[in-house]
Amino acid sequence: ILGGMVNKEDSHQVTDTARVYDGSDWSSCKLGTKRAFFCAVKLQESLIVNLGGLGSNQNVLRTVSLRKCKGRHYLPPIKVRDVPDIPSPISGHGCTILPDSYDIIVAGGSRNQRDN
């Protein structure tokens with residue numbers, strides 16, 4: 001379970017926690033950025049790419065991050081590196097990875113509250 005909104009008393013707050021179930025128990029790790037209404041794709045068994053979403057100050061994000069929650073190493077050709085931001089801030093979108101590649105397609109979503 002990656003990020004999202006958590007209920008804190010009388011309000012909902014964006015979280016940066018990823019919760020991982022290994023078949024017998026739950027553990028957690030940090031995403032690095034608080035995100036809700038974002039999309040994520042799995043590039044490798046231990047590698048997740050998080051794109052856009054709603055940030056902690058109710059701002060729509062354009063950032064992209066590579067994260068891993070388990071101790072496995074990246075497999076070639078993936079290296080630890082910065083990933084460029086997406087061209088426009090977006091929230092509520094979907095994404096998927098194309099078969100047999102590391103290309104990511106992003107579709108739908110909104111740039112702000114007035115966006116249709």
Side-chain angles (χ1 to χ4, degrees):
I1 302 171
L2 301 172
M5 301 289 274
V6 292
N7 190 348
K8 297 276 188 167
E9 298 177 16
D10 292 336
S11 68
H12 285 81
Q13 296 178 359
V14 180
T15 183
D16 65 347
T17 301
R19 286 143 323 264
V20 180
Y21 185 70
D22 66 7
S24 62
D25 197 15
W26 287 91
S27 62
S28 65
C29 68
K30 295 294 184 184
L31 294 176
T33 301
K34 292 183 178 186
R35 296 176 190 269
F37 311 113
F38 66 104
C39 72
V41 293
K42 178 176 111 173
L43 287 187
Q44 295 181 356
E45 199 57 40
S46 63
L47 181 62
I48 304 290
V49 179
N50 304 304
L51 300 102
L54 183 70
S56 59
N57 295 325
Q58 302 297 311
N59 58 323
V60 179
L61 304 172
R62 61 184 293 238
T63 57
V64 176
S65 64
L66 290 171
R67 299 302 286 183
K68 66 178 190 164
C69 283
K70 296 288 184 177
R72 296 181 183 170
H73 297 288
Y74 299 133
L75 301 173
I78 301 296
K79 299 175 189 166
V80 177
R81 61 188 168 111
D82 290 330
V83 179
D85 291 339
I86 50 181
S88 297
I90 194 165
S91 176
H93 52 294
C95 58
T96 190
I97 188 166
L98 293 176
D100 301 320
S101 77
Y102 287 115
D103 295 334
I104 300 169
I105 299 282
V106 178
S110 327
R111 293 168 290 187
N112 56 53
Q113 291 180 351
R114 289 176 247 125
D115 209 3
N116 290 331

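All values derive from a computational prediction rather than experimental measurement.
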>> Could you check whether any side-chain heavy atom of Thr15 comes within less than 4.5 Å of a side-chain heavy atom of Lys34, counting everything from C-beta outward?
In response: no
> What pairs with Ile90 under side chain to side chain contact (heavy atoms under 4.5 Å, CB included), at least two apart in sequence or on another chain?
Replying inline: Ile86, His93
> Is there side-chain contact between Phe38 and Leu51, with at least one heavy-atom pair below 4.5 Å?
Replying inline: no
>> Counting C-beta onward and ignoring hydrogens, is there a side-chain heavy-atom pair between Leu43 and Ile97 closer than 4.5 Å?
In response: yes
> Cluster question for you: counting only ILVMFWY and a side-chain heavy-atom cut-off of under 4.5 Å, with indirect links fine, are Leu61 and Val64 together?
Replying inline: no
> Ile104, Leu2: one ILVMFWY side-chain cluster at the under-4.5 Å cut-off?
Replying inline: no
> Heavy atoms, side chains only, cut-off 4.5 Å: are Thr33 and Asn50 in contact?
Replying inline: no
> What's the spacing between Thr63 OG1 and Asp85 CG if we round to 0.5 Å?
Replying inline: 6.0 Å
>> For the residue pair Arg19 / Ser27, report whether a side-chain donor-acceptor contact shorter than 3.5 Å exists.
In response: no
> Looking only at heavy atoms, what is the nearest atom pair of Val60 and Ser110, with distance?
Replying inline: CG1-O, 4.2 Å
> Which pair of heavy atoms, one from Ser91 and one from Ala36, lies closest together, and at what distance?
Replying inline: OG-O, 4.4 Å
> Does Arg67 reach the main-chain N or O of Leu31 with its side chain, forming a donor-acceptor pair under 3.5 Å?
Replying inline: yes
>> On a heavy-atom basis, which atom in Ser88 and which in Arg111 lie closest, and how many Å separate them?
In response: CB-CD, 4.5 Å
> Looking only at side chains, do Thr17 and Lys30 share a donor and an acceptor under 3.5 Å apart?
Replying inline: yes
> Out of curiosity, does Val49 fall in the hydrophobic cluster containing Tyr102 (side-chain heavy atoms, cut-off under 4.5 Å, transitive links)?
Replying inline: yes
>> Restricting to non-hydrogen atoms, name the atom on Ile48 and the atom on Ala40 that form the minimum distance, rounded to 0.1 Å.
In response: CG2-CB, 3.9 Å
> Can Val6 and His12 be said to form a side chain to side chain contact (heavy atoms under 4.5 Å, CB included), step by step?
Replying inline: CA-CA 5 Å; Val6 292; His12 285 81; over 6 Å; no
